[in-house]
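What you see below is based on every heavy atom in this structure, not just the backbone, and it leaves out hydrogens, waters and symmetry mates.
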Amino acid sequence: MIEHRERVPDPGEVLRLGAADAGRCRRRIHLEHDPAADRSLRRPPEPGLQLRLADLAAHREVVHDRLASTIELGEDWDPAGADRPAAVWAPRLASATRIATPDLLLRAPDGGYLPVLVRGHRTLDPGTGAPCSDLDLALPGLLAPVPSAARKARSHHADALALAHVYRTLGELGLASGDARGGIIGKGGPAADADWDDGALILWHRLGPGGAVTGENATTDQPATPALAEYDARFADRLAVARAAATGQPALAQPSRVAECRRCPWWPVCEPELQASRDVSLLVAGSDVDVLHDAGVVTYDDLAALDPRIAAALPLTGIPAADARARALALIAGAPLVRRTARVDPRRADVELDVDMESYLDDGAYLWGTYLTTAGDTAPPPGFAPGYRPFVTWLPLNSPTAAENFVAFWRYLTQLRQACSAAGRTFAAYCYSRKAEERWLYGTPQRFPHVAGMPTRSEVDRFCSSGQWVDLYAEIKRCFVVPGSLRLKKVAEVAGFGWRDPEPSGENSMAWYRIATSGDGSDARAHRSRILRYNEDDVRATLALRHWMTDRSHEMPTVADLDTYRGGMRSAPSNRMTSPLR
């Protein structure tokens, strides 16, 4: 695993921002450049993130070796020297305000360089229109388009910002091509096409109409495209935030919860501050915070105090405005869930099967965990034992064994449904957030259509669109307003359920899987058991949550109850505003 080290900025060093900074939260930029920030509170990277970084490093090596077998790569290159190789691998670039280490620089016909970055995610989908080059062609063919590539580009906003950063860095050094574009080499491909390899192509992003910057505040002669325009605005803002933090000036960025917070190392610093100030960003999506601030709503007390008719008219996009106000009321009342109506009616059946899938990155699903229960005195169908039953393989996921494992799960599910139908019993299978399971319910048959017993897409579609396939996540949202996280690990706490593993998460389970498939030693066997125990708890959690919904959810207040509790209390909203460019 990658060692986690803290770094305290040196007040005397030149302040430069890296390729990821323009896309990061403004408060994170502040904290990372504030010498007084308490770095002991930072949380280390999750094992899952470390795993992804390790896989990306391995992918970079593959790309490097592939390129080196075709073209001459300049390595240990000095950007200040006179040498201008046609291709440069992993140069270290530093200008007055920026640092960058692009994976590859390619010399364009005008003598300047085009940046290329290697990424660990998919960059292409089936379709047309993606401007690509073949990685295996020798220069200058690398820059030639691939006319037969049936590809369309996936949207990765962070990739475009990172390329813009490297392009501007090259411009400050006098090394940028007038052709303002950059390339991405991705990883993986659609499950339906085993021969697809994003790593064999360079996907080109058009960054601007041309013109390299020559100094910190220089701009192009022509209007920039949205990618460069957005990057330039973001970079200038983040640089100002960093300089203020580094020099002890008043902070230009205050805490506000956004999607990035979920994995940010500084969240243990920001969360207590947000809770202490009762910040409204704890309740709504980051994109809606400015809308609320414009209405004078800064705390969740402000939101709860709004007249319901005024609150309902707020143009929120993340959740309905009425739900946002109900969340605020719930948080003030200390209610973890709030019933939308007096009666909670989750979808139930005589025979119930809880299902949870475990997958590894884009490689496929290796485990389908099931937990069979029945209602009341109903006996399970003959041949089907109640309790936990996993369908698992520890062999490579590109092998027929993975397909056969899925077929075994599908056969079990199909036979159980048929047995319930023959016995006149109702049946339902439950998951939590169906998107994850359905990715590989559909993806596995697409990848292995010729394996015996493999269902067709139409068979999978008939099941997934039937009333027998129930998304408990959607049921929770239908029946309740949830003021906090909707993740299963948090919602199940309401039902009194806890995981046996001290670090339960899907990200962590991928790190466990790497060890579990590393051989047949004791450590591998221990991690196989750990994964199975974790998966069993996942399916037991959805079962416990469903029972709680049926038997004890009446203990939670309704939205009407909270309004009554709040009474006619109304208070003038605060008038604190935040700066733009969140």
Side-chain angles (χ1 to χ4, degrees), residues 4 6-9 17 20-21 23-46 49 234 237-306 316 318-319 324-325 327-336 482-487 489-490 493 571-582:
H4 178 65
E6 306 296 351
R7 177 185 176 277
V8 179
L17 299 186
D21 288 335
R24 280 184 173 157
C25 161
R26 303 174 77 245
R27 184 62 179 179
R28 178 173 179 175
I29 297 296
H30 171 90
L31 291 169
E32 289 182 349
H33 291 85
D34 181 1
D38 188 349
R39 282 159 175 76
S40 68
L41 298 176
R42 284 169 49 108
R43 61 186 177 191
E46 292 182 334
L49 174 59
R234 281 178 165 270
D237 175 74
R238 270 43 173 196
L239 187 61
V241 170
R243 282 176 170 164
T247 56
Q249 299 177 43
L252 299 182
Q254 300 299 327
S256 186
R257 188 182 67 88
V258 294
E260 184 183 342
C261 295
R262 183 176 177 183
R263 292 186 171 89
C264 178
W266 290 101
W267 180 238
V269 175
C270 293
E271 183 181 26
E273 295 183 37
L274 293 171
Q275 290 176 340
S277 63
R278 303 169 77 84
D279 196 279
V280 75
S281 69
L282 293 170
L283 292 179
V284 298
S287 57
D288 286 333
V289 171
D290 288 339
V291 175
L292 291 170
H293 285 179
D294 289 343
V297 174
V298 175
T299 70
Y300 48 78
D301 300 279
D302 297 339
L303 183 55
L306 280 182
L316 304 187
I319 60 172
R325 180 175 177 274
R327 283 183 174 186
L329 289 167
L331 202 59
I332 292 170
V482 185
S485 172
L486 269 164
R487 293 185 297 120
K489 305 297 186 297
K490 295 298 296 183
E493 292 177 358
S571 61
S574 304
N575 196 31
R576 178 168 60 87
M577 308 298 286
T578 59
S579 55
L581 296 164
R582 184 182 314 282

Q: Of all residues at least two apart in sequence or in a different chain, which pass the side chain to side chain donor-acceptor pair (under 3.5 Å) check with Glu273?
A: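 Counting only residues at least two positions away or on another chain, Glu273 forms no side chain to side chain donor-acceptor pair (under 3.5 Å).
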Q: Quick check: do Leu274 and Trp267 have side-chain heavy atoms less than 4.5 Å from each other?
A: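 Of all side-chain heavy-atom pairs linking Trp267 with Leu274, at least one is under 4.5 Å.
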Q: Starting from the C-alpha separation in whole Å, work towards a yes-or-no answer on side chain to side chain contact (heavy atoms under 4.5 Å, CB included) for Trp266 and Glu32.
A: CA-CA 9 Å; Trp266 290 101; Glu32 289 182 349; 3.2 Å; yes
Q: Rounded to the nearest 0.5 Å, how far does CZ of Arg24 lie from CG of Leu17?
A: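 Rounded to the nearest 0.5 Å, the CG-CZ separation comes out at 10.0 Å.
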Q: What distance do Gln275 atom CD and Cys270 atom SG have between them, rounded to the nearest 0.5 Å?
A: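 If we round to the nearest 0.5 Å, Gln275:CD and Cys270:SG are 11.5 Å apart.
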Q: Do you know which two heavy atoms are closest between Leu292 and Val280, and how far apart they sit?
A: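 In this case the closest contact between Leu292 and Val280 is CD1-CG2, 3.6 Å.
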Q: If every non-hydrogen atom of Val289 is compared with every non-hydrogen atom of Ser281, which pair is closest and at what distance?
A: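 Smallest heavy-atom distance, with atoms named: CG2-CB, 3.7 Å.
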Q: Just so I know, are the side chains of Arg487 and Arg262 near enough to count as touching, which here means a heavy-atom distance under 4.5 Å?
A: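 Contact flag for Arg487/Arg262 side chains = yes.
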Q: Can you name the closest pair of heavy atoms from Pro483 and Ala335 and give their distance?
A: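 Heavy-atom minimum between the residues: CG-O, 3.3 Å.
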Q: Could you measure the distance from the CG atom of Leu31 to the CG atom of Leu41? Nearest 0.5 Å is fine.
A: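 Output value for this atom pair is 10.5 Å.
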Q: If I compare all heavy atoms of Leu316 with all of Ala324, which pair ends up nearest, and what's the gap?
A: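 The pair with the smallest heavy-atom distance is CD1-CB, 3.8 Å.
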Q: Quick check against the 3.5 Å criterion: does Arg325 have a side-chain atom that pairs as donor or acceptor with the backbone of Leu306?
A: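 Answer holds: yes.
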Q: What's the separation between atom CG in Asp279 and atom CZ in Arg257, rounded to the nearest 0.5 Å?
A: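 Here the rounded value is 9.5 Å.
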Q: What are the two closest heavy atoms between Ser256 and Cys261, and how far apart are they?
A: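 Closest approach of Ser256 to Cys261: O-SG, 4.0 Å.
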Q: Looking only at heavy atoms, which two atoms of Ala253 and Val241 are closest? And how far apart?
A: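 For Ala253 versus Val241, the nearest heavy atoms are CB-CG1, 4.2 Å.
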Q: Does Arg327 have any side chain to side chain donor-acceptor pair (under 3.5 Å) partners at least two apart in sequence or in another chain, and if so, which?
A: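 None.
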Q: Are any of the side-chain nitrogens in Arg278 or Asp301 under 4.0 Å away from the carboxylate oxygens of its partner?
A: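 Salt bridge flag = yes for Asp301 with Arg278.
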Q: With distance as the sole test, does Asp302 use its side chain to make a donor-acceptor pair with the main-chain N or O of Thr299 at under 3.5 Å?
A: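 Confirmed, Asp302 side chain pairs with Thr299 backbone.
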Q: Are the side chains of Asp38 and Val269 in touch, meaning some heavy atoms are under 4.5 Å apart?
A: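 They are not in side-chain contact.
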Q: For His30, does its backbone N or O pair with a side-chain atom of Asp34 as donor and acceptor, under 3.5 Å?
A: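 Pair absent, no side-chain N/O of Asp34 close to backbone of His30.
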Q: Does the side chain of Leu486 reach to within under 4.5 Å of the side chain of Lys490, using non-hydrogen atoms?
A: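 No, side chains not in contact.
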Q: If the threshold is 4.0 Å, N to carboxylate O, is there a salt bridge linking Asp237 and Arg234?
A: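 Looking at Asp237 and Arg234, the cut-off is not met.
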Q: Supply the atom-to-atom distance Arg27 CZ to Leu252 CG, rounded to the nearest 0.5 angstrom.
A: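 Between atom CZ of Arg27 and atom CG of Leu252 there are 10.5 Å.
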Q: Could you give the distance from CG (Leu303) to CG (Leu283), rounded to the nearest 0.5 Å?
A: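 Here the rounded value is 7.0 Å.
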